[in-house]
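Proteins come first, then strands; the chains are lettered A, B, ... in the order of their sequence lines, and each starts at number 1. In what follows, every heavy atom counts, from backbone to side chain, and hydrogens, waters and symmetry copies are set aside.
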Amino acid sequence: SSDTGSTGGGGTDAGAAKPPIAVDLPRADSDFWNSYAKYIPEYAKESDINLMTPTNSQNDIAKLVANAQAVTAQGAKAIVMAPQDTGAIASTLTMLESKKIPVISVDTRPDKGKVFMVVRADNRAYGQKACEFLGEKLGGKGKVIEFQGSLSSVNGRDRSEAFAECMKTKFPDITIFEEPTEWEGTKAAAALQTRLAQHPDIKGVYMQAGGVFLAPTLQVLKSKNLLVPPTDPKHIFIVSNDGIPQEFEAIRKGEIDATVSQPADLYAKYAIYYAKAAVEGKTFTPGPTEHDSTIIDVGNGVLEDQLPAPLVTKDNVDDASLWGNQIGK
Amino acid sequence: MTDVLTDAAGSGAAAPPPAVSAHEITKRFGATTALSEVSVSIQAGTTHALVGRNGAGKSTLVSVLTGLQRADEGTVAFGGAPAPAPSDRDGWRRQVACVYQRSTIIPALSVAENLFLNRQTDGGPIKWGGLRRRAGALLEEYGVDVDPGALAGDLNVEQRQLVEIARALSLGTRFIILDEPTARLDATAIERLFGRMRTLAAAGVTMLFISHHLREVYEVCDTVTVLRDARWVLTEPVSAVGHDALVAAMTGEAVKLTEVAPRSVPDAPPVLSLRALTLGDAYTGIDLDLRPGEMVGVTGSGSSGKVSLAETLGGLRRADSGSVSVSGSAVGVGVPAALRAGIGLVPEDRHREGLVPLLSVAENATLPIGDRLGPAGVVVPRRRTAVAEEMVRRYDIRTESAAAPVASLSGGNAQKVVLARALSTDPRVLVLINPTAGVDVRSKESLLGAVRSAADQGTGVLMVSDELDDLRHCDRVLVMFHGRVTATLSRGWDDAQVVAAVEGVTSEGASS
Amino acid sequence: MTTTAPVSPPEAPVARRRLTGPRLARMRDLALVPAIIVLVLVGALIDPVFLSSANITNVLQQQTELSLLVLAEAIILIGGRFDLSLESTVGLAPALAVALVIPAASNGIGTEWASYLAIPLCLLVGLAVGAFNGLLILRFGLSAFIVTLGMLIVLRGLQIGITGGQNLFELPMSVLYLGNAVWLGLPASIWICGILFAIGIAVLGFFRHGRAVYAIGGNRDAARAAGIRVDRVMWTVFIVGGLLAALAGLLMTGRLGSVAAAQGDGMIFTVFAAAVIGGVSMEGGKGTLFGALCGVIVLGLINNILTLAGVSAQWIQAIYGLIILVALMLARLTTGKAQD
Amino acid sequence: MTTTAPVSPPEAPVARRRLTGPRLARMRDLALVPAIIVLVLVGALIDPVFLSSANITNVLQQQTELSLLVLAEAIILIGGRFDLSLESTVGLAPALAVALVIPAASNGIGTEWASYLAIPLCLLVGLAVGAFNGLLILRFGLSAFIVTLGMLIVLRGLQIGITGGQNLFELPMSVLYLGNAVWLGLPASIWICGILFAIGIAVLGFFRHGRAVYAIGGNRDAARAAGIRVDRVMWTVFIVGGLLAALAGLLMTGRLGSVAAAQGDGMIFTVFAAAVIGGVSMEGGKGTLFGALCGVIVLGLINNILTLAGVSAQWIQAIYGLIILVALMLARLTTGKAQD
Ligand SMILES: Nc1ncnc2c1ncn2[C@@H]1O[C@H](COP(=O)(O)OP(=O)(O)OP(=O)(O)O)[C@@H](O)[C@H]1O
Ligand SMILES: Nc1ncnc2c1ncn2[C@@H]1O[C@H](COP(=O)(O)OP(=O)(O)OP(=O)(O)O)[C@@H](O)[C@H]1O
Ligand SMILES: [Mg+2]
Ligand SMILES: [Mg+2]
């Protein structure tokens with residue numbers, strides 16, 4: 001009953017001839033996604049596509065659906081999105097599929113529905129890497145506190161599950177305190193204070209998001225005089241997750257020990273890459289890619305390009321190729 | 001009207017059952033006993049007066065008789081049959097209609113809807129046009145000049161009261177309670193109400209009438225019951241109990257009410273001067289000089305502008321033009337300026353502008369003088385209590401203590417707190433609007449006594465009132481009509497003169 | 001010595017030039033119409049797509065769930081009460097209903113009841129929540145704010161507890177139907193909202209029980225004195241509120257194709273914003289459902305226009321808030337009445 | 001035939017044994033004390049660490065920012081108004097102050113003002129926000145709910161706009177100081193809160209202007225008629241509210257070591273919960289700051305106990321909500337008064 005086809009042509013004039021590509025940003029209040037947002041136009045320019053002004057769904061699935069509908073009405077020929085709520089996007093994907101608009105899903109894999117490509121790092125691998133690093137540093141025993149995200153976030157859940165599973169199988173003597181935080185720094189700080197009072201012998205911290213937990217954690221440890229170099233027996237080993245510049249800084253100072261760098265730049269780069277490929281009609285098959293990653297078939301014909309997410313420690317923190325070393329400073 | 005009066009306690013096996021009888025009613029609020037074993041029965045077709053001092057328990061009895069509150073002990077019967085169950089509101093409403101002392105008008109709804117609340121339609125959707133027409137007819141029948149489509153919240157106090165009365169009378173019940181319906185009405189409206197009541201009585205409707213104006217009791221009632229301190233005191237035909245006896249029964253002491261003593265006002269330059277004061281539609285070109293110690297009454301019908309004038313003086317309204325000065329210096333805008341100039345105000349509606357219900361009596365009475373109760377803005381509780389207790393004593397406020405919330409006071413006592421507040425600043429000019437509305441005889445006397453003694457000490461008093469008893473205390477009375485002062489009556493006027501001037505019929509007879 | 005002022009002739013009583021009540025109330029109802037017109041003009045200027053029927057349909061459909069919650073909240077507010085827990089019911093009701101119906105393998109509870117029960121179960125949950133709120137508030141005299149705030153947390157917690165924080169996406173067909181069906185060229189959810197609003201407007205405007213809600217909100221004691229069964233009416237209102245919230249949850253579930261663990265999370269602010277912008281007073285007894293509906297539409301238009309205009313993510317929120325404030329001032333200017 | 005009761009001698013009036021107003025009010029104040037005692041007992045049973053001075057200090061410190069917001073909100077509520085925007089001020093005030101001071105390389109605006117200006121600037125922002133809210137609400141007669149809801153969005157949007165949504169990590173020493181300093185063995189923030197609450201309780205209880213706030217909240221017209229400068233007092237209250245929120249933001253920033261883009265986000269619900277649980281009425285004129293403080297402590301204890309008990313993430317929210325509801329019922333039972 002609608003006439004979407006006839007009113008295309010939003011976006012910039014420069015590339016008017018090229019099919020417009022829409023990008024929806026999931027939120028504007030996290031360092032990680034802000035870096036991603038900065039990379040998007042850069043790579044769009046580089047690969048010479050007609051990028052529509054990115055929309056922002058403010059971490060609200062209803063807004064994401066509304067935005068998808070709006071850009072469709074404006075004539076988008078491909079959509080890049082990062083649905084933080086992976087279930088609730090199903091109908092929208094069906095709608096977009098019926099209009100033959102390919103979707104690139106970044107960071108998350110929709111539970112259901114057809115997408116052209118999922119560009120993602122393996123969140124379970126994050127949890128796994130953190131577990132292995134901590135387990136090793138602690139010598140397989142001791143107490144670890146984990147700042148979980150929110151149960152309703154698939155990424156948080158993946159990290160929690162993988163971390164717990166790995167600890168259980170590989171380091172059964174390590175006690176984990178799982179703290180639900182709803183991704184809030186205040187909750188993490190409160191939990192850490194309480195736990196340290198209860199268990200002064202906590203030796204490790206795994207925080208699932210450096211962007212929100214890093215500063216509060218350091219602050220609490222500082223006030224308890226626990227921010228000491230790794231050589232000190234009082235040292236608490238900390239593994240973070242995200243790879244923002246501040247985490248690197250803390251690694252250099254010896255305040256934290258490692259972080260899993262979630263590749264904001266690669267997310268942007270390959271989101272654009274696959275969007276362009278989709279409108280050009282290219283197809284992909286499972287297997288290794290030419291950019292150090294593997295495309296796997298995660299079922300139902302959904303392909304997922306699993307980008308590398310390196311563990312950054314003191315040894316490789318100055319690696320210039322890390323996205324956290326390319327921005328800000 | 002019936003002449004046959006039966007023993008209230010009931011001995012008439014042969015007589016028809018009373019229209020209403022309350023038996024041994026006891027009602028407590030916390031540890032306050034508002035009613036203690038009160039029995040009253042009212043014969044069908046009579047108009048029964050219920051009198052008593054403020055806080056005697058009259059309104060509480062009303063709420064028990066209308067089923068709004070459940071008595072702790074005792075029973076209520078209508079026409080010999082037990083009263084409906086507490087939850088059966090419709091049952092109660094078939095038995096009794098009531099004009100409550102507290103407004104039951106819903107401000108956000110139209111007048112028409114307020115009149116027909118919960119009976120807008122017999123079923124099916126409401127036809128608003130028809131409802132407004134019915135309301136218009138009803139209002140006309142009762143001589144109430146308001147637009148049925150207006151928001152009830154836009155009506156003034158008197159109009160609201162008239163709407164409530166019209167509503168109660170229109171319900172078609174055979175028993176109607178009127179709890180102080182006249183407290184907010186002017187003379188003509190009261191006359192109209194009485195006419196209506198007589199017609200109803202002639203039609204055999206039973207009425208329970210509460211008023212602090214004993215004259216009204218004698219005018220429209222057949223029997224009278226007196227309550228004192230939550231107890232039943234007497235039930236008599238009005239013809240059998242004289243004015244003084246009634247007052248004695250109410251107060252429990254056989255002291256006569258004092259006559260209004262003549263007083264003289266020393267000649268002195270005016271303490272308050274108004275020059276060509278004008279406010280929109282309300283009043284125009286008001287000139288007035290008030291000498292220290294002088295008491296000036298202002299009266300007029302509804303919408304004569306008298307209340308607006310008084311509110312302007314108190315700082316609640318702002319005149320469009322003209323000047324107000326106290327002892328020669330101009331008064332600024334707003335209440336604080338008026339207070340600073342020495343003008344104290346008793347506002348019209350104690351619920352709306354008079355009191356902060358949750359705060360204590362002490363705090364309400366001392367609101368404007370917070371700066372005098374301690375150093376540097378501190379309010380020393382002990383000093384506040386001392387000042388308040390003195391006020392409670394001086395103005396005879398019936399309260400458990402100065403610390404009780406003012407919301408727990410009966411209407412008349414609440415009014416005294418408002419007066420206490422106005423006098424707390426020792427004003428040079430005291431402006432009062434209907435100060436004795438809802439105040440019992442004895443309290444009225446003490447209240448007006450307090451006003452008089454303030455005047456005797458040099459305070460100029462401007463009293464806006466519809467009550468001739470209040471106006472009798474004044475040295476002269478101004479009558480306003482459609483926003484202008486149309487007559488000035490000096491001491492010695494008679495009631496007819498005032499009524500005529502208020503009606504705007506003539507003013508020649510008023511001048512001397 | 002007395003003076004007599006010249007007697008003015010007994011002329012007609014001072015003219016009452018003030019607008020009469022209902023007219024004013026109606027004006028207040030229409031207060032948002034200028035804002036809506038301005039928004040539509042701006043939208044049309046920004047992108048012609050704005051006026052396409054597809055876009056308008058989208059805007060309306062996206063607002064359906066919100067509008068049902070606003071309908072519920074507006075009625076409760078008019079009755080002088082409060083319900084914050086609606087937003088959690090939006091999630092819990094369908095989640096519980098679906099979990100009872102789907103197999104454990106799809107994150108169900110394992111009861112695997114017949115799937116045609118899903119919709120009745122969902123509505124039943126809404127009804128139960130409303131009834132429980134009403135019980136605590138009306139019978140036990142607890143503060144509505146605090147009871148429903150507590151319930152907001154408890155219900156969301158229950159949903160997370162029951163589903164383990166998982167999204168449920170194996171939905172029975174019946175649940176999917178309502179959020180997706182198209183009736184006579186318009187999404188079913190728009191029809192449903194339209195009809196429910198029409199019923200609501202009719203009941204609140206023209207029926208005794210509806211008017212009773214206004215009376216209760218305006219002056220509870222007076223309503224009681226007038227023979228209105230205050231508690232019974234308000235209990236019904238709470239139950240209707242719960243039902244509407246459950247229905248909103250159903251529509252949202254169908255539209256989005258799953259029950260998100262955070263479904264409805266944070267909506268209550270928007271619900272209040274729409275209702276209050278639409279002229280429903282927090283103090284009870286004031287406002288109309290039509291006004292509330294206008295409030296919903298204003299918010300929907302603002303969102304749509306901001307998206308179409310491609311406002312930068314960095315400033316979108318500030319601009320959104322600013323537009324709301326300006327819309328309010330507009331409403332204030334056109335009615336000329338102070339709000340509350 | 002009429003009867004006359006024997007005229008009773010002018011005896012003493014019927015004994016009035018009722019609790020007097022203030023005593024009742026004080027009881028209401030103490031309503032939460034049983035709940036606090038129960039919580040402390042439960043906490044001690046769950047883990048002996050609970051009663052350790054370190055843990056108690058932690059609980060108190062974690063609640064300092066919340067308590068300042070509750071202090072602000074309680075005063076505003078007692079005055080019969082509303083402020084939702086406090087939670088955004090908690091983020092914006094320190095963010096703007098810090099951004100003005102730090103170099104652009106650390107996500108500053110680039111002005112690089114002297115860093116000792118950070119604290120005054122932060123407080124100034126709070127003051128300005130409060131003053132602006134007051135202006136819109138008091139002068140223009142806009143609804144407090146809707147103005148401050150709009151401001152909540154606008155201020156958060158401004159923060160995101162100014163910082164580009166980044167957390168600010170490079171803080172001047174002065175900003176870090178307050179949130180971390182320890183005075184006489186207790187964190188400075190606890191001292192600050194304690195002192196501010198003491199001042200608040202004294203002013204609201206024993207000073208003319210404090211009592212005026214109660215009068216205004218209880219009956220605005222009556223307060224005006226009694227010569228209280230209603231608008232001026234309420235404007236001051238809004239400004240104090242803004243200042244307190246900015247101070248809370250400062251403490252939080254210091255304690256957490258950064259200004260998060262979402263700092264304060266979602267706090268306003270908890271603020272209202274604490275205030276209302278503590279007996280402050282949404283209708284104005286009722287409640288005390290002591291009660292509000294008890295509300296804050298109850299919420300802090302619940303959180304602490306749940307953490308110590310290690311309740312599973314899956315059910316923690318449901319249990320949290322449930323405990324709040326139960327605490328309320330307890331409060332209701334002990335005072336025996338209906339709430340509103
Ligand atoms: N709801 C209530 N709670 C507590 N005390 C009450 C309540 N209602 C009435 N009282 C108390 O009961 C007593 C009787 O009050 P009531 O209103 O019946 O007096 P009244 O005779 O109608 O006085 P007035 O002539 O001033 O209207 C008073 O002491 C009053 O303070
Ligand atoms: N500020 C104003 N601007 C315009 N008209 C006003 C204003 N104030 C009052 N009026 C109108 O002036 C008329 C007189 O009002 P006012 O309340 O002073 O009468 P009143 O004599 O006090 O009546 P009542 O005895 O019923 O209280 C009314 O019609 C009222 O609507
Ligand atoms: Mg009474
Ligand atoms: Mg008047």
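- Separation of atoms CZ (F269(D)) and CD1 (I153(C)) is listed at 8.5 Å; rounding is to 0.5 Å.
- At a 4.5 Å heavy-atom cutoff, the contact between I268(C) and chain D is made by side-chain atoms alone.
- Of all heavy-atom pairs spanning A273(C) and L149(D), the tightest one is CB-CD2, 3.2 Å.
- Proximity to chain C (any heavy atom under 4.5 Å) is restricted, for L136(D), to the side chain, taken from C-beta onward.
- Annotation: maximal heavy-atom pairing with chain C below 4.5 Å, among G165(D), G266(D), A313(D), G164(D), occurs at G164(D).
- Ranked by heavy-atom pairs under 4.5 Å with chain D, the list G321(C), G161(C), G150(C), G157(C) is led by G161(C).
- Residue contact with chain D, scored on non-hydrogen atoms closer than 4.5 Å, involves the side chain of L325(C) exclusively.
- Looking at F82(D), the atoms closer than 4.5 Å to chain C (heavy atoms on both sides) all sit in the side chain, from C-beta outward.
- The two residues Q317(C) and I160(D) come nearest to each other via the heavy atoms OE1-CD1, 3.2 Å.
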request  = Quick one: do W315(C) and I162(D) satisfy side-chain contact (heavy atoms from CB on, under 4.5 Å)? Show the steps, please.
outcome  = CA-CA 9 Å; W315(C) 291 103; I162(D) 290 168; 4.3 Å; yes
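- M282(D) CE to M282(C) CE: the interatomic distance, rounded to the nearest 0.5 Å, is 5.5 Å.
- Between chain D and the options L158(C), I324(C), I316(C), the largest number of non-hydrogen pairs under 4.5 Å is found for L158(C).
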